[in-house]
Number of protein chains: 2
Amino acid sequence: MPKPDRQPLGVDLARTAKAATRAFDDALAAAGGSRPVWLILISLKTRAMANQRELAEAVGIQGATLTHHLNAMESAGLITRRRDPANRRVHLVELTAAGDTTFHALRTAAVEHDRRLRDGLSDADQAELARLLARLRENVAPA
Amino acid sequence: MPKPDRQPLGVDLARTAKAATRAFDDALAAAGGSRPVWLILISLKTRAMANQRELAEAVGIQGATLTHHLNAMESAGLITRRRDPANRRVHLVELTAAGDTTFHALRTAAVEHDRRLRDGLSDADQAELARLLARLRENVAPA
DNA sequence: TATTGTTATACTCTATAACTATA
DNA sequence: TATAGTTATAGAGTATAACAATA
């Protein structure tokens, strides 16, 4: 039996990611945010970060790139930054009330996006997909 | 039995796509190209496009964005553009010898990337993953 | 008028290098 | 000297709007 003629996996993954990313970005934009802002907000909400380096790593960007986004978020009134009295090199990033409101709006959009994405997938399908995606991440992880 | 506590699918997908995209972009850069250049070259190689609008659609970008990349590719000597005598509005895009060489170099890099990505996945796993990804694309496809 | 493609312009995300402040 | 973060600068990719050429 010949192997089925299939698209390269990378092509399939890239096409899927592009489509899903665009849909998600549109949903976040409609809710008044963006992907990096969402990732930063959710990181700030769910875990207390010791410093910005950790935050940048959680979001998957460089420190200077994080500063860039934090500047915009501070201008927009979503966060405040103040020095840690215990170690004045560290800048403590905190959500304002507006930041919290934006977080909830973006979360709603994200939940809706996820519901749409999962539509028609059984629990078993979802578990299998999560397993396979994790495997792909291992495969491309830098040595 | 409680539902297993799982990451939102969108988060998993986005993380996987980011990691895989980065690895792929690095591989293409090392081979002297980039993702849009690769997508354009493979589209030109595999199918004769009637016009640039079709080419842009195949690559998943806007016409003006395609022009931007074609300009760079023409400057780099990878392609030539000339008007179609039959319909002088249409610009025929053709690969040069250098474009062909670059195509083969990028294809080698892409094949190697895909081999790495698929490492440890059975044929059944790959087919299942392709099926699930196709489903996700349908789910986010604009109505 | 409609179609094909280009030009002009700008925005977002990202990154590296050099710098400041603090320890 | 080392660490935390910012500033300055740049580059890639993308997009929209206005335009030119052709039918």
Side-chain angles (χ1 to χ4, degrees), chain A residues 14 17-19 21-26 28-30 32-41 44 49-76 79-94 142, chain B residues 14-15 17-19 21-30 32-41 44 49-76 79-94 142:
Chain A
K18 188 169 195 170
T21 297
R22 232 167 243 200
F24 189 38
D25 288 352
D26 289 351
L28 291 176
S34 69
R35 193 157 26 88
V37 167
W38 164 241
L39 291 173
I40 290 167
L41 288 177
L44 289 174
M49 297 290 168
N51 54 40
Q52 285 188 202
R53 200 182 41 68
E54 276 188 23
L55 181 54
E57 192 178 353
V59 175
I61 57 180
Q62 295 296 314
T65 305
L66 177 62
T67 296
H68 168 81
H69 292 300
L70 292 181
N71 286 346
M73 291 171 75
E74 193 170 33
S75 295
I79 59 159
T80 57
R81 280 182 285 192
R82 62 186 179 84
R83 290 188 180 272
D84 182 348
N87 179 350
R88 288 182 45 77
R89 286 178 301 191
V90 173
H91 290 209
L92 297 174
V93 179
E94 284 161 351
Chain B
R15 274 175 48 206
K18 188 169 195 171
T21 296
R22 234 167 240 203
F24 189 39
D25 288 353
D26 289 350
L28 290 177
S34 69
R35 192 158 27 88
V37 167
W38 164 240
L39 291 173
I40 290 167
L41 288 177
L44 289 175
M49 296 290 169
N51 54 42
Q52 283 187 204
R53 197 182 42 67
E54 277 189 20
L55 181 54
E57 193 178 352
V59 174
I61 56 181
Q62 296 297 312
T65 305
L66 176 61
T67 295
H68 169 80
H69 291 299
L70 291 180
N71 287 345
M73 291 171 75
E74 193 171 32
S75 294
I79 58 159
T80 57
R81 278 183 285 192
R82 62 187 179 83
R83 291 188 180 271
D84 183 348
N87 179 348
R88 288 182 49 76
R89 285 178 302 191
V90 173
H91 289 207
L92 298 174
V93 179
E94 284 161 352

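In what follows, chains carry the letters A, B, and so on, assigned in the order in which the sequence lines appear, proteins first and then strands, with residues in each chain numbered from 1. As a basis for the values below, the full set of heavy atoms in this structure was taken, side chains included, without hydrogen atoms, waters or symmetry mates.
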With a 4.0 Å limit, can you tell me whether [X] has a side-chain N or O closer than that to the phosphate oxygens OP1/OP2 of [N]?
X	N	answer
B:R88	D:dT22	yes
B:Q52	C:dT3	no
A:N71	D:dT7	yes
A:S34	C:dC13	yes
B:T67	C:dG5	no
B:H91	C:dT6	yes
B:R81	C:dG5	no
B:R83	C:dG5	no

What is the distance, to the nearest angstrom, from the [atom1] atom on [X] to the [atom2] atom on [N]?
X	N	atom1	atom2	result
A:L55	D:dA4	CG	C1'	13 Å
A:R53	C:dA21	CZ	P	22 Å
A:M73	C:dC13	CE	P	11 Å
B:R22	C:dC13	CZ	C1'	10 Å
B:Q62	D:dA18	CD	C1'	15 Å
B:D84	D:dA23	CG	P	9 Å
B:R35	C:dT14	CZ	P	13 Å
A:E54	D:dA4	CD	P	10 Å

For A:E54, does its backbone N or O pair with a side-chain atom of A:N51 as donor and acceptor, under 3.5 Å? yes

Taking for each residue the nucleotide of DNA chain C with the nearest heavy atom, is it A:H68 or A:R89 whose nucleotide lies nearer the 5' end? A:H68

On DNA chain C, does the nearest nucleotide to A:P85 precede the nearest nucleotide to A:T65 from the 5' side, or the other way round? Give the residue.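 Nearest-nucleotide comparison on DNA chain C picks A:T65.
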
Distance from [X] atom [atom1] to [Y] atom [atom2], nearest 0.5 Å?
X	Y	atom1	atom2	result
A:H68	A:Q62	NE2	CD	14.0 Å
A:I61	A:I40	CD1	CD1	5.0 Å
A:K18	A:R22	NZ	CZ	5.0 Å
B:R81	B:L92	CZ	CG	12.0 Å

Which nucleotide sits closest to the side chain of A:A64: D:dT7, D:dA4, D:dG13?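 The nucleotide sitting nearest to the side chain is D:dT7.
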
